[in-house]
Amino acid sequence: MSSPRGLAPSPELPEQNRGYCEVQYWDRRYQGAADAAPYEWFGDFSSFRAFLEPELRPKDRILVLGCGNSALSYELFLGGFPDVTSVDYSSVVVAAMRARYAHVPSLRWETMDVRALGFPSGSFDVVLEKGTLDALLAGEQDPWTVSSEGAHTVDLVLSEVSRVLVPEGRFISLTSAAPHFRSRHYAQARYGWSLRHTTYGDGFHFHLYLMHKGGELSGAQLALGAQLLSPPKPPTSPGLLQDSDHEDFLSTIQL
């Protein structure tokens, strides 16, 4: 059976959702990744390109977090954004991506934990993540109430993102998580950015969050951020979930 939108068939799933948080799972999953078709979480580049490109400049230094074997970094290069550094904590997939794109020397690949980035402060104009935070939160038991451990994990990542961004830099997050779940994480004054949200995709809409370093959060956003460890109110019209990526955790983890 072919997968939707021309994607590669879904790989082996972990026995439990928390497996998505473990580097050992990803190392096993990415064995042979150099020869495997790219696997795209939450749509390929064409599905969100119209929203992404207006936020990018040709000379931007771009950092992609949790790159996996996605073609996103290469698509950015083809789109006219050559200065792209991609990190993942699976050394297996980093080696595979270096081999796959050895013909593009401006694309750099590093083994690195997104909770402790090994770059100097102010190293990047743009930081991108697509599904990385979702994976780190996959061990959460209740999609409505984030645990203190889960909130701390996200805070480590976002603090590092804010640190490595230049003043007026941009952080772009693509996810399945709707605003009533995810915005409370981003709406923290200590990161020093503003927050905007839009959706993309056909049928089911995925979510794109845009943070501008040096901007300000609204009063309503700050109030939402203050309720981080409190369960959000259920939406009046819950959106339908479409598990187009054939990954079990996508239909349950919305944090």
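This one's a predicted model, so the numbers in the text were calculated from it and none came from an experiment.
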Chemist: How close do Val93 and Asn69 get, heavy atom to heavy atom, and via which atoms?
Modeler: CG2-N, 3.8 Å

Chemist: Is there a path from Phe77 to Leu56 through hydrophobic residues (I, L, V, M, F, W, Y) whose side chains come within less than 4.5 Å of each other?
Modeler: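 Yes, because Phe77 and Leu56 connect within a single hydrophobic cluster, where side-chain heavy atoms sit under 4.5 Å apart.
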
Chemist: side-chain contact (heavy atoms from CB on, under 4.5 Å), that's the test. Do Glu55 and His212 meet it? Break it down for me.
Modeler: CA-CA 10 Å; Glu55 302 300 329; His212 270 230; 3.2 Å; yes

Chemist: Assess the side chains of Asp83 and Ser106: does a donor N or O sit below 3.5 Å from an acceptor N or O?
Modeler: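 There is no such pair between these side chains.
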
Chemist: Any chance you could lay out the side chain to side chain donor-acceptor pair (under 3.5 Å) test for Ser173 and Tyr186, step after step, and finish with the verdict?
Modeler: CA-CA 10 Å; Ser173 175; Tyr186 301 137; 2.6 Å; yes

Chemist: Nearest 0.5 angstrom please: Trp193 CH2 to Arg170 CZ, how far?
Modeler: 13.5 Å

Chemist: If you round to the nearest 0.5 Å, how far is CG of Leu208 from CD1 of Ile172?
Modeler: 6.5 Å

Chemist: More than 12 heavy atoms of other residues, nucleotides or ligands under 6.0 Å from NE2 of His197: yes or no?
Modeler: yes

Chemist: Side-chain heavy atoms under 4.5 angstrom apart, residues restricted to Ile, Leu, Val, Met, Phe, Trp, Tyr: same cluster for Val87 and Phe171?
Modeler: yes

Chemist: Roughly how far, to the nearest 0.5 Å, is the OG atom of Ser194 from the NZ atom of Lys213?
Modeler: 12.0 Å

Chemist: Do other residues, nucleotides or ligands put more than 12 heavy atoms under 6.0 Å from Glu168 CD?
Modeler: no

Chemist: CG of Asp113 to OG of Ser90: how many Å apart, nearest 0.5 Å?
Modeler: 12.0 Å

Chemist: In terms of side-chain geometry, is the basic nitrogen of Asp125 or Arg61 positioned less than 4.0 Å from the acidic oxygen of its partner?
Modeler: yes

Chemist: Determine whether the side chains of Thr175 and Tyr209 contain a donor N or O and an acceptor N or O closer than 3.5 Å.
Modeler: no

Chemist: Same cluster or not: Val166 versus Val84, using hydrophobic residues (I, L, V, M, F, W, Y) connected whenever any side-chain heavy atoms lie under 4.5 Å apart?
Modeler: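 Different hydrophobic clusters.
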
Chemist: Please report the closest heavy-atom contact between Leu217 and Ala189, naming both atoms and the distance.
Modeler: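 For Leu217 and Ala189, the tightest heavy-atom pair comes out as CD1-N, 3.9 Å.
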
Chemist: Could you report the tightest heavy-atom contact between Ala151 and Val146, atom names first, then the distance?
Modeler: N-CG2, 3.7 Å

Chemist: Please report the shortest heavy-atom distance between Val64 and Ser73, naming the atom on each side.
Modeler: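 Heavy atoms only, the tightest pair is CG2-OG, 3.7 Å.
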
Chemist: Could you go through Phe119 and Phe124, starting from their C-alpha distance and side-chain angles, then the distance that decides it, and tell me whether this counts as ring pair (Phe, Tyr, Trp, His ring centres under 6.0 Å)?
Modeler: CA-CA 9 Å; Phe119 301 110; Phe124 297 97; 5.0 Å; yes

Chemist: From Asp88 CG over to Met97 CE, what is the distance, rounded to the nearest 0.5 angstrom?
Modeler: 9.0 Å

Chemist: Mind listing the closest non-hydrogen atom pair of Ser218 and Gln221 along with its distance?
Modeler: N-OE1, 2.9 Å

Chemist: Report yes or no: do Met211 and Leu224 belong to one cluster of Ile/Leu/Val/Met/Phe/Trp/Tyr joined by side chain heavy-atom distances under 4.5 Å?
Modeler: no

Chemist: Can you label the angle between the Tyr101 ring and the Trp109 ring as parallel, tilted or perpendicular, going by 30° and 60°?
Modeler: parallel

Chemist: Once you round to the nearest 0.5 Å, how far does CD of Glu129 lie from SG of Cys67?
Modeler: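 The CD atom of Glu129 sits 12.5 Å away from the SG atom of Cys67.
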
Chemist: Please determine whether a side-chain nitrogen of the Lys or Arg among Asp155 and Arg190 lies less than 4.0 Å from a carboxylate oxygen of the Asp or Glu.
Modeler: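 So Asp155 pairs with Arg190 through a salt bridge.
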
Chemist: Could you check whether the rings of Phe51 and Tyr200 sit parallel, tilted or perpendicular, using 30° and 60° as the cut-offs?
Modeler: tilted

Chemist: Could you go step by step and tell me if Leu195 and Leu210 meet the side-chain contact (heavy atoms from CB on, under 4.5 Å) rule?
Modeler: CA-CA 6 Å; Leu195 170 61; Leu210 174 63; over 6 Å; no

Chemist: State, to 0.1 Å, how close Ser176 and His207 come at their nearest heavy-atom pair, and which atoms those are.
Modeler: O-CD2, 3.6 Å

Chemist: Between Val157 and Leu133, does a side-chain contact (heavy atoms from CB on, under 4.5 Å) hold up when you go through it step by step?
Modeler: CA-CA 8 Å; Val157 179; Leu133 291 177; 3.9 Å; yes

Chemist: Quick one: does any side-chain atom of Glu160 pair with a main-chain N or O of Leu117 as donor and acceptor, under 3.5 Å?
Modeler: yes

Chemist: Would Tyr74 end up clustered with Val94 when hydrophobic side chains under 4.5 Å apart are linked, directly or stepwise?
Modeler: yes

Chemist: Please determine whether side-chain contact (heavy atoms from CB on, under 4.5 Å) holds for the pair Ile62 and Leu128, giving the CA-CA distance in whole Å, both sets of side-chain angles, and the decisive distance to 0.1 Å.
Modeler: CA-CA 7 Å; Ile62 300 172; Leu128 278 167; 4.1 Å; yes

